[in-house]
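All values below come from the heavy atoms of this structure, side chains included, with hydrogens, waters and symmetry mates left out.
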Amino acid sequence: MTATLLLNLPEVRYSTLASVTPTLADEGLRRLGEPVLTLLPVGFVLSAADSEKTRGLAWALPLADGAQAVRVQASVALDAVGEGEKSWHRAMLSVRMVDAQGKASERAAFIGAGTQAGAVDSVILLVPETTELQLMARLLRVPGTFSVSELRLSWVVERAWVSPALLALWVLWLVAFGALLAHWLHAARYRAGLVLAFALVLAAVVMPGEWRDVLQQQVTAFVHQWLADWLGWSMPVSEGRGLSDYVHFLMFALLGAALAVARRDLAAWRLIGGLILLGAATEIVQFLVPGREGGWLDVGLDAGGAMLGVLMVRLRFMRMA
């Protein structure tokens with residue numbers, strides 16, 4: 001786990017290829033929503049008195065050959081920047097990537113509201129097959145003042161030893177998962193069901209982010225339509241996440257139930273503890289999967305699903321005894 005997390009540290013994984021400092025005099029600069037601008041010796045101040053539309057700046061950036069990430073560095077200061085109806089209705093400094101098909105993907109280097117000041121230092125992975133790149137500084141439909149200074153970017157390229165290290169980590173993770181499954185299968189009943197549930201969890205974990213997004217959109221649309229047509233009920237969606245919350249919870253509930261049935265000889269706390277460890281491990285593995293990243297909320301959802309699955313089965317067994 002430690003090696004996987006360390007490999008994703010910018011200082012370990014990347015080296016600088018080239019640097020660029022965008023300025024307000026750049027030919028590639030585009031103004032968004034007629035922003036109110038004040039020049040600083042080393043930056044600018046972006047102001048908006050209302051929240052009717054987005055106001056900001058966008059720089060078209062040349063994409064360096066061989067770059068796999070871009071590092072955004074700046075000093076920012078917010079002066080009473082409001083918060084809108086959405087979590088992203090704030091001040092934002094970001095990188096927007098466009099592929100050959102015109103599909104855009106945006107990653108935030110900074111997003112905030114209220115009154116604050118601080119340093120930005122963010123490494124953003126480039127989406128595969130990126131052909132166009134923009135740096136954007138905006139007030140997203142909120143009033144306030146957004147100051148940006150010492151703005152600079154560095155193109156970063158992956159170090160030569162990273163690919164072999166990734167392969168070695170994948171081998172170690174697969175061996176570890178295989179050993180865990182073999183441990184659970186020892187003296188287990190209904191082994192086929194346990195293997196199927198375990199395989200479904202791993203398949204969801206290693207699915208690339210692009211595939212996951214497409215599948216999530218299709219399944220979400222189908223589920224919403226089915227619930228609306230047959231039950232007259234709309235599934236609640238957590239802001240910015242959606243179906244992934246339900247998948248994490250339900251997959252580990254299924255695996256917990258399958259494990260509780262297969263290994264009735266093991267105490268419930270041992271099964272739940274092993275599943276929580278597995279949930280944490282799968283979140284860390286996602287740092288190795290393109291377009292995916294782990295999070296503590298997902299670990300919590302995995303743990304909650306595991307506890308529900310194990311305890312429901314064990315309570316059922318107790319009632320039957």
Side-chain angles (χ1 to χ4, degrees), residues 6-48 54-79 81 88 90-99 104-140 142 144-160 162 287 291 293:
L6 286 176
L7 187 61
N8 284 276
L9 292 176
E11 295 80 1
V12 174
R13 187 168 184 175
Y14 298 105
S15 57
T16 300
L17 182 66
S19 298
V20 60
T21 302
T23 69
L24 292 176
D26 286 349
E27 293 182 357
L29 175 65
R30 182 163 58 95
R31 300 194 178 198
L32 307 171
E34 300 178 357
V36 178
L37 289 175
T38 303
L39 296 183
L40 299 174
V42 289
F44 61 88
V45 177
L46 177 66
S47 302
T54 294
R55 303 176 188 273
L57 305 170
W59 289 267
L61 300 173
L63 186 61
D65 293 337
Q68 297 188 24
V70 58
R71 184 176 187 177
V72 182
Q73 296 172 287
S75 296
V76 301
L78 305 183
D79 185 9
V81 172
W88 44 266
R90 304 176 179 183
M92 187 173 185
L93 184 64
S94 63
V95 173
R96 183 173 183 267
M97 295 158 279
V98 183
D99 61 21
S105 177
E106 188 171 356
R107 299 289 185 273
F110 168 85
I111 187 167
T115 301
Q116 58 177 290
V120 175
D121 190 349
S122 178
V123 173
I124 297 173
L125 297 180
L126 297 180
V127 173
E129 301 181 356
T130 296
T131 58
E132 299 179 34
L133 201 64
Q134 291 182 337
L135 174 67
M136 310 183 82
R138 293 166 291 168
L139 286 164
L140 297 166
V142 292
T145 301
F146 182 24
S147 301
V148 180
S149 58
E150 300 291 347
L151 179 60
R152 58 192 180 278
L153 294 95
S154 299
W155 304 116
V156 289
V157 61
E158 203 165 68
R159 299 179 189 274
V162 169
F287 285 105
E293 57 185 18

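For the pair V120 and V148, the minimum side-chain heavy-atom distance is 4.5 Å or more. Two residues are said to be in side-chain contact when any heavy atoms from C-beta on lie closer than 4.5 Å; L46 and L139 meet this criterion. Taking the side chain as every heavy atom from C-beta outward, R71 and D121 approach each other to under 4.5 Å. Counting heavy atoms from C-beta on, the side chains of L135 and V70 never come closer than 4.5 Å. In this structure, L153 and V72 have side chains that are in contact, with non-hydrogen atoms separated by less than 4.5 Å. Contact of the S19 side chain with the R152 side chain is not registered, since no non-hydrogen atoms from C-beta on lie closer than 4.5 Å. Proximity of R96 to L133: side-chain heavy atoms (C-beta onward) are nowhere separated by under 4.5 Å. Looking at L57 and P35, their side chains come closer than 4.5 Å, going by heavy atoms from C-beta outward.
In this pair, W59 and F44 present their aromatic rings tilted. The plane angle is within the 30 to 60° band.
To the nearest 0.5 angstrom, R107 atom CZ is 8.5 Å from I124 atom CD1. Atom CG of D79 and atom CD of Q116 lie 11.5 Å apart (nearest 0.5 Å). Atom CD of residue E132 and atom CG of residue L61 lie 11.5 Å apart, to the nearest 0.5 angstrom. Once rounded to the nearest 0.5 Å, the distance linking CD of E150 with CG of L40 reads 10.5 Å. The CZ atom of R90 sits 9.5 Å away from atom CZ of F110, with the distance rounded to the nearest 0.5 Å. One distance of note links OG1 of T21 with CG of L151; it measures 7.5 Å at 0.5 Å rounding.
Contact record, S147 with V45: OG-CG2, 3.5 Å, taken as the closest heavy-atom pair. When all heavy atoms of L24 and G43 are compared, the closest pair comes out as CD1-O, 4.5 Å. Counting all heavy atoms, side chain and backbone alike, L32 lies closest to A58 at CD1-CB, 4.3 Å. Between V98 and A104, the closest heavy-atom pair is CG2-CB, 4.2 Å. Counting all heavy atoms, side chain and backbone alike, A67 lies closest to L126 at O-CD1, 3.5 Å. In terms of heavy atoms, P62 sits closest to W155 at O-CZ2, 2.9 Å.
Annotation for R159: atom CZ counts as buried by contact number, over 12 foreign heavy atoms lying within 6.0 Å. By the neighbour-count criterion of 12 heavy atoms within 6.0 Å, atom CD of E129 is sparsely surrounded, having that number or fewer from other residues, nucleotides or ligands.
Tested against Y14 for a side chain to side chain contact (heavy atoms under 4.5 Å, CB included), the candidates L9, V157, L125 yield a single pass: L125.
Ion pairing between R13 and E158 holds under the 4.0 Å rule for side-chain N and carboxylate O.
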